[in-house]
Amino acid sequence: MSSTYRPTTRADETVYRPGRWLALSVLVLAVLLVAVDATVLGLATPFLSEDLEPTGNQLLWIGDVYSFVIAGLLVSMGSLGDRIGRKKLLLGGAVAFGAVSVLNAYATSPEMMIAARALLGVAGATLMPSTLALIRNIFHDPKERSLAIGIWGAMASAGAAVGPVVGGFLLEHFWWGSVFLINLPVMAVLVLVGVKLLPESRNAVAGPWDLASVVLSLVGMVGVVYAIKEVASHGPSMGAGAAAVTGAAALYGFVRRQLTLPAPLLDMRLFRHRGFSGAVLADLLTILGLSGLVFFLSQFLQLVQGRQPFEAGLAELPAALGAVATGLVAGTVARRFSVRAVVAGGLAAVGLALAALTFLGQSTGYPLLGAALLVVGAGAGFSFTVTADVILSSVPKEQAGAASAVSETAYELGAALGIALLGSVLTGVYSGFATPAGVPAATASAAHESLGGAVEAAAGLPHGEAAALLGAAQEAFVDGLRTAAGVGAAVLLATAVAAWFLLRGQKLADGVEH
C-alpha cells in the first residue's frame with residue numbers, strides 16, 4: 001500500500017514545525033507509563049508473594065493476565081482510536097490507567113490482584129496503539145519518523161530501566177503497592193500537557209465500531225492464550241481443549257467477519273504485505289523468547305544471589321542502555337545496509353546472549369550477566385525499532401491505529417505466551433526438586449509452589465533444615481532458568497533465520513509524504 005501524493009499546500013508546512021517534537025515528548029510519557037508498570041512487577045513479586053500468598057499458578061496469572069487482556073483488546077482499541085480520535089482515546093486511557101493503578105497498589109488478595117491487573121490491561125490497550133498511530137500522523141518525513149520511532153522505543157527501554165531502579169528504591173522504603181503508585185504523577189503530566197500539545201487525528205471514513213468483532217477478538221485471543229498456558233502448566237485437559245476450540249472458533253469468526261464488513265476493525269489485506277507480516281511475526285517470537293526469562297530474572301537476582309531490590313534494578317540497566325543506544329540509530333543503519341540484515345542480526349544477537357545464560361549458576365559473577373543483558377538490549381533495540389517502522393510504513397496513515405495495534409498485539413501476545421510457556425518450563429523444572437529430609441509436608445508443599453514461597457517457608461524452620469530447603473530450591477530455580485534461557489535462545493535464532501527470508505527486499509521509505 002502506498003500513500004496518496006498531492007501538491008504541497010500551506011497545511012503541509014506543519015510537517016516541519018517544531019511542535020511535532022514537543023508532541024512526541026508527551027507520547028513517550030505514555031510509553032514510559034506502560035513500560036515502568038511492566039518492569040516493576042518483577043521486582044515486587046517476592047514481596048507480593050509474601051504478603052498475598054498466591055499459589056504458583058496465581059503468581060503466573062498475576063504476571064500475565066495484563067498481557068492476556070491487553071492482547072485481546074489492542075486491535076479493537078486501535079480501531080476505536082481511528083474512529084473517535086487517537087488523542088481522545090490516549091488521554092482517556094491514561095486517566096483510567098492511573099485510577100486502576102491505585103486498585104493494584106491496594107489489592108488485598110491474589111484474586112483481587114489478578115482482577116486489578118486485568119483492568120489495567122483494559123486501560124493499557126488504549127495507550128500503546130494510540131502513541132504509534134499519532135507518530136505516524138505527526139511525522140510525514142520517513143527519516144524523521146524513524147528517529148521518532150527510535151525515541152519511542154528508547155523511552156520504552158528507559159522505562160524498563162527506570163522501573164526496576166525506582167521500584168527497587170520504593171521497595172526498600174515502602175510497601176510493595178507503592179511501585180504502582182509511581183504511575184500517577186506520570187499520568188498527570190501526560191494528561192495536562194497532552195491536552196494542549198497533541199493534535200487530534202482520526203480516520204474520517206472508518207465507519208462504525210463493530211462490537212461483535214470486539215467480542216470475537218477478545219474471546220479468541222484470551223481463549224487461545226489461556227489454553228496454551230494451561231497445557232504448558234498442567235498438561236492437556238478438557239478445560240484447556242475447550243478454551244482452545246472456543247478461542248480458535250472466535251478468531252476464525254473474527255477473520256471471516258473482517259473480510260465481509262465494509263468498514264472492518266482490522267483490514268486483513270494488510271497481511272498480504274510480506275514486510276508487514278514478517279515484521280509482526282518477528283516481534284511476536286522475539287518477545288516470546290525474551291519475556292518469560294526477564295519475568296524471572298529479578299527473582300534470580302534477589303532470591304538466589306541475595307541482592308537488594310534497588311541493586312537488582314541497577315543490575316538490569318545494561319539491557320535498557322543497549323536498547324536505547326541502538327534504537328536511536330536503527331533507522332539510519334537499516335537504510336545504509338538493509339532492513340533484513342538489521343532485524344535478523346539483532347535477533348541473532350539476542351539469541352546468542354540468551355544461549356550464554358544457559359551457563360548461569362548461583363554464584364555467577366555479574367560481568368557475564370551484565371554483558372549478556374547489554375547484548376540482549378542492543379539486539380532488541382535494532383529489531384524492534386526497525387520492525388515498528390516497517391509496520392507503520394506499510395499502511396496509509398488513516399489506518400495507522402489498526403496497524404499499530406497489530407504490532408502491539410504481537411508484542412503483548414508474545415509476552416503472554418513467553419511468560420506462560422517459558423515460565424511454565426521454569427516452574428516445571430523448579431517444582432520437581434527433592435525435599436530435604438526432616439522438612440514437614442505442609443512446608444515442603446509451600447516451598448514447591450514458588451521460590452518466594454520457599455524463602456518464606458524456610459524462615460519458619462530450624463537453621464540447618466532451612467538452609468537445606470532454601471539451597472535445594474535455589475538450585476532448582478537456576479536449573480529452570482537455564483532451561484528457559486535455552487528454549488528462548490532456540491526461538492530467537494530460528495526467528496532470525498525466518499526474518500532474513502521474510503524481510504527480503506524490504507526497505508524503509510525516504511521521501512516526504514504529503
With the side chain counted from C-beta on, respond yes when Val375 and Leu352 share a heavy-atom pair under 4.5 Å apart, and no when they do not. no

Quick one: closest heavy-atom pair of Ala107 and Met113, and the distance? CB-SD, 3.7 Å

If every non-hydrogen atom of Ala499 is compared with every non-hydrogen atom of Arg340, which pair is closest and at what distance? O-CB, 4.1 Å

Closest contact, heavy atoms only, Ala349 versus Gly379: CB-CA, 4.4 Å

If I take atom CD1 from residue Ile135 and atom CD1 from residue Ile151, how far apart are they, to the nearest 0.5 angstrom? 8.5 Å

Give a yes or no on this: more than 12 heavy atoms of other residues, nucleotides or ligands lie within 6.0 Å of atom CD of Glu475. no

State, to 0.1 Å, how close Ala282 and Val343 come at their nearest heavy-atom pair, and which atoms those are. CB-CG1, 4.5 Å

Distance check, rounded to the nearest 0.5 Å: Ser277 atom OG versus Ile391 atom CD1? 9.5 Å

How far apart are the closest heavy atoms of Pro318 and Leu374, and which atoms are they? O-CD1, 3.5 Å

Would you mind reporting whether Leu120 and Ser101 have side-chain heavy atoms less than 4.5 Å apart? yes

Between CG of Asn104 and CD1 of Ile114, what distance do you get to the nearest 0.5 Å? 11.5 Å

May I ask you to test the Thr483-Tyr430 pair for a side-chain heavy-atom distance under 4.5 Å? no

d(Leu426 CG, Phe300 CZ) to nearest 0.5 Å is 11.0 Å

When rounded to the nearest 0.5 Å, the distance separating OG1 of Thr495 from CG of Leu284 is 9.0 Å

Donor-acceptor check, side chain of Ser217 to backbone of Val214, threshold 3.5 angstrom: yes or no? no

Which word best sums up how the rings of Phe276 and Phe271 line up, parallel for under 30°, tilted for 30 to 60°, or perpendicular for over 60°? perpendicular

Counting heavy atoms not belonging to Tyr366, are there more than 12 under 6.0 Å from its OH? yes

Is it the case that the side chain of Thr387 and the backbone of Phe384 share a donor-acceptor pair, with hydrogens and angles ignored and the cut-off at 3.5 Å? yes

Less than 4.5 Å apart, side chain to side chain, heavy atoms only: is that true for Leu369 and Leu301? yes

Keeping the roles fixed (side chain from His448, backbone from Gly432), state whether a donor-acceptor pair exists under 3.5 Å. no

Do Phe254 and Met221 have side chains that approach each other closer than 4.5 Å (heavy atoms only, starting at C-beta)? no

Atom of Val69, atom of Leu218 and distance for their closest heavy-atom approach: O-CD1, 4.4 Å

Supply the atom-to-atom distance Thr332 OG1 to Leu147 CG, rounded to the nearest 0.5 angstrom. 7.5 Å

So does Ala378 get a backbone contact from the side chain of Thr326, meaning a donor-acceptor N/O pair under 3.5 Å? yes

Can you tell if the side chain of Val329 reaches within under 4.5 Å of the side chain of Phe382, non-hydrogen atoms only? yes

Check Leu303, Leu451, Asp479 against Gln474 for a side chain to side chain contact (heavy atoms under 4.5 Å, CB included) and give me the one that passes. Leu451

